[in-house]
Amino acid sequence: MADEFSTQTSANNTCTARAFAKVNLHLAVGPARPDGFHELVTIFQSLDLADTVRITCAEAESDSSVVSDDSGLHESTPGHSVAHDSPIHGTFVQALTVTGQDSESVPTDASNLAWQAVDAVAAALRAEHTKELALPQVTIAITKNIPVAGGMAGGSADAAAALRAANALFASYAGISALDEQVIHKLAAQLGSDVPFCLHGNTALGQGRGEKLHAVPTSGIYHWALVANAQGLSTPRVFAVFDEIVERDKLVGKQPQKNPIPSETASLAAALQAGDAQQLAGLLRNDLQQSALHIRPDLREILDTGEHAGALAGIVSGSGPTCAFLCADEQAARQVAAEVEKKIAGTRGIIATSPAARAELVES
Ligand code: C5P
């Protein structure tokens, strides 16, 4: 099936998509695999806190009607971009800019997952059609709302949005069918463990590295106070500390770490199906929380403060340091967010609801 959104764009010079943050309601982590990744069983849920990614044909932004590519100079037709037979410097991305919350700490080079997503879509379209397929150079503009390095899949959300936007833009430009959902999902899994979920949205059981997904039925809306932190946490570092704790525990005779099993999520899945926030609060689990707290003991005070301010429960979100507080309603979420922000310097309170949608195209 072709990407359903691709049909909404008619030879546009710009496509914009948005993708939502996630929280792990259950995050069970197994021992490190030979490839260094950890086998996970997780229940992801998307939150209505989104970044947007706008992808624009580069020549559409410039006044010049003549641009160069590898093979020399080409004249453009007014109103339409010049096609390049091959990407300049091995990439279709001419520039990447970031605005919004914490934008100064987001990379603007090829290490940004959104940049890699654009090139992955171009390569896959060429593999599917012809390797000479003419595609434009593009610029990427990211608007951040999701905390950066916060354990909420902000970079992965940008990659997911970039996959959708680039797929629609390139297909429209070249007048070809867009990559289908299965291909986009495969590219997402190559980009990062959380990117497939950001494409999928809503609620899902994640296995493997987190990339193997099954939709989980839910009812109702959940209210959250999210407490973001001025200083981010590195995901690989949190997993490395997780491994150190496992090794240390072995030395004192604790049971060896086992691979997690999906049936452990059964009670949580039942609470989600019932739409029961109180019940869900008692079942939140994050095996990375101990490691995040080991690196950042200050997060304990945030968790305690949020719970005293009226949250049903608080957990570190993914690898942290954002703390996510499940609340009974919107008013309670506002109160928790405001109180933690007031009491603890360097924090920022955000309110959000879950679940939210999948990564999707929006009006530019
Ligand atoms: O997949 P992604 O690039 O987002 O992962 C970032 C890092 O998090 C990995 O390099 C690895 O250190 C760690 N990770 C892991 N096991 C997973 C997912 C991520 O060890 N299932």
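Basis for what follows: all heavy atoms, side chains included, without hydrogens, waters or symmetry-related copies. We count ligands from 1, going down the list as the structure has it; atoms in each ligand are counted the same way.
Using a 4.0 Å cut-off between charged nitrogen and carboxylate oxygen, E360 and R164 do not count as a salt-bridge pair. Ion pairing of E181 with R358 is present here, as a side-chain N (NZ or NE/NH1/NH2) and a carboxylate O approach within less than 4.0 Å. The pair K254-E247 does not meet the salt-bridge criterion, since no charged nitrogen lies less than 4.0 angstrom from a carboxylate oxygen.
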May I have every N or O pair linking ligand 1 to the protein at under 3.5 Å, one per line with atom names and distance?
{"unit_1": "ligand 1", "atom_1": "1 (O)", "unit_2": "S193", "atom_2": "N", "d": "2.8"}
{"unit_1": "ligand 1", "atom_1": "1 (O)", "unit_2": "S193", "atom_2": "OG", "d": "2.5"}
{"unit_1": "ligand 1", "atom_1": "16 (N)", "unit_2": "H38", "atom_2": "N", "d": "2.9"}
{"unit_1": "ligand 1", "atom_1": "20 (O)", "unit_2": "H38", "atom_2": "ND1", "d": "2.7"}
{"unit_1": "ligand 1", "atom_1": "21 (N)", "unit_2": "H38", "atom_2": "O", "d": "2.8"}
{"unit_1": "ligand 1", "atom_1": "21 (N)", "unit_2": "R209", "atom_2": "O", "d": "3.1"}

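Considering only residues two or more places apart in sequence or on other chains, D109 meets the side-chain hydrogen bond (donor to acceptor under 3.5 Å, both in side chains) condition with S111.
Pairs of residues two or more places apart, or lying in two chains, that qualify as salt bridge (charged side-chain N to carboxylate O under 4.0 Å, His left out) and include a residue from residues 284-293 are E264-R285, R285-D287. Residues in residues 134-144 take part in these salt bridge (charged side-chain N to carboxylate O under 4.0 Å, His left out) pairs, two or more places apart or across chains: D51-K144, K144-D158.
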